[in-house]
**Q** 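Let me begin by handing over the structure; questions about it come next.
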Amino acid sequence: LCRTHGDFHPFNILFDSDDHLAVLDASRGCLGDPADDMICLSINYVFFALEHGGSWEKAFSKLWRRLWKNYLDKAADHELLEAAPPYLAWRALVLANPPWYPNARRETREALLGLVELALGKGRLDLEDVERLFR
């Protein structure tokens, strides 16, 4: 376990005009599994790319790959991918929930839930499965 944020997504990460970092809404943070924060942040790249055709290739794939490479290289926490499926399920259910995201496209919801089914079935998050969503 380590210190976690609990709601670590792009809208809780801010930079000011001098590039100083501020992280908001860490009130849910406590000791937890880093897989929760990694999934919470990274699934947003997938969600926004699914919602905006062509944006995976232009931007979000680079963010996705860099985030995962940096984390896995620096943390040497390759077990995170095995711990990820339940956190992926939780975060995908939030993003696929019509009351919370009423304007999300049906195809986006289905793609996210399909990714969850793959991860739960494999017992690990396969980063290549995400890449396949956009091929």
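Only heavy atoms go into these numbers, but all of them, side chains included; no hydrogens, no water, no symmetry mates.
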**Q** Between F60 and F134, is any pair of side-chain heavy atoms under 4.5 Å apart?
**A** no

**Q** Within the 4.5 Å heavy-atom criterion, are L80 and M38 side-chain neighbours or not?
**A** yes

**Q** Ignoring hydrogens, what is the shortest heavy-atom contact between K62 and E57? Give both atom names and the distance.
**A** NZ-O, 3.1 Å

**Q** For the CZ atom of F11 and the CG atom of L24, what is their distance to the nearest 0.5 Å?
**A** 12.0 Å

**Q** With the side chain counted from C-beta on, respond yes when W56 and V130 share a heavy-atom pair under 4.5 Å apart, and no when they do not.
**A** yes

**Q** Is the shortest side-chain heavy-atom distance between P85 and V116 below 4.5 Å?
**A** no

**Q** For the hydrophobic clusters of this structure (ILVMFWY residues joined by side-chain heavy atoms under 4.5 Å, transitively), does one cluster hold both W100 and V46?
**A** yes

**Q** Looking at A104, is its backbone amide N or carbonyl O close enough to the side chain of R109 to form a donor-acceptor pair, meaning the two atoms are under 3.5 Å apart?
**A** yes

**Q** Step by step, would you call W68 with L125 a side chain to side chain contact (heavy atoms under 4.5 Å, CB included)?
**A** CA-CA 12 Å; W68 281 103; L125 173 61; 3.9 Å; yes

**Q** Evaluate the criterion side chain to side chain contact (heavy atoms under 4.5 Å, CB included) for residue pair L112 and I43; output intermediate values, then yes/no.
**A** CA-CA 9 Å; L112 288 173; I43 196 172; 4.2 Å; yes

**Q** Please round to the nearest 0.5 Å and tell me the distance separating atom NE2 of H20 and atom CG of L14.
**A** 14.0 Å

**Q** Between A49 and S55, what is the shortest heavy-atom contact and its length?
**A** CA-OG, 3.2 Å

**Q** Rounded to the nearest 0.5 Å, what's the gap from CD on E107 to CG on L133? Could you check?
**A** 13.0 Å

**Q** How far does CG of L93 sit from CH2 of W90, to the nearest 0.5 angstrom?
**A** 7.5 Å

**Q** Say whether L113 and L120 are linked into one hydrophobic cluster, either directly or through other cluster members, by side-chain heavy-atom distances under 4.5 angstrom.
**A** no

**Q** Within the 4.5 Å heavy-atom criterion, are R66 and L63 side-chain neighbours or not?
**A** no

**Q** Using every non-hydrogen atom in the two residues, find where H5 and D25 come nearest and quote the distance to one decimal.
**A** CE1-O, 3.0 Å

**Q** If Ile, Leu, Val, Met, Phe, Trp and Tyr residues are connected whenever their side-chain heavy atoms lie under 4.5 Å apart, and connections chain through other members, are L95 and F48 in the same group?
**A** yes

**Q** Evaluate the criterion side chain to side chain contact (heavy atoms under 4.5 Å, CB included) for residue pair Y101 and N97; output intermediate values, then yes/no.
**A** CA-CA 6 Å; Y101 291 89; N97 191 319; 5.8 Å; no

**Q** Just verifying a value: how many Å separate R124 CZ and L118 CG, rounded to the nearest 0.5 Å?
**A** 12.5 Å

**Q** With the side chain counted from C-beta on, respond yes when Y71 and P34 share a heavy-atom pair under 4.5 Å apart, and no when they do not.
**A** yes

**Q** Can you tell me how far the CG atom of D77 sits from the CD atom of E82, to the nearest 0.5 Å?
**A** 9.5 Å

**Q** Using a strict threshold of under 4.0 Å (side-chain N to carboxylate O), is an ion pair present between R65 and E131?
**A** yes

**Q** Give me the atom names and distance for the closest heavy-atom approach of P98 to A96.
**A** CD-O, 3.1 Å

**Q** When you measure from the side chain of D19 to the backbone of F15, do you find a donor-acceptor pair of N or O atoms at a distance under 3.5 Å?
**A** no

**Q** I'd like to know whether D7 forms a side chain to side chain contact (heavy atoms under 4.5 Å, CB included) with H9, so could you lay out the CA-CA distance, the side-chain angles of the two residues, the decisive distance to 0.1 Å, and finally the verdict.
**A** CA-CA 6 Å; D7 194 23; H9 58 74; 3.2 Å; yes

**Q** If every non-hydrogen atom of D16 is compared with every non-hydrogen atom of D18, which pair is closest and at what distance?
**A** OD1-N, 2.8 Å

**Q** Report yes if some heavy atom in the side chain of T4 is under 4.5 Å from a heavy atom in the side chain of D36; otherwise report no.
**A** no

**Q** Thinking salt bridges, do E117 and K122 make one under a 4.0 Å N-O criterion?
**A** no

**Q** State whether the side chain of E51 and the backbone N or O of R105 hold a donor-acceptor pair below 3.5 Å, judged by distance alone.
**A** yes

**Q** So I13 and L41, do their side chains get closer than 4.5 Å, heavy atoms only?
**A** yes

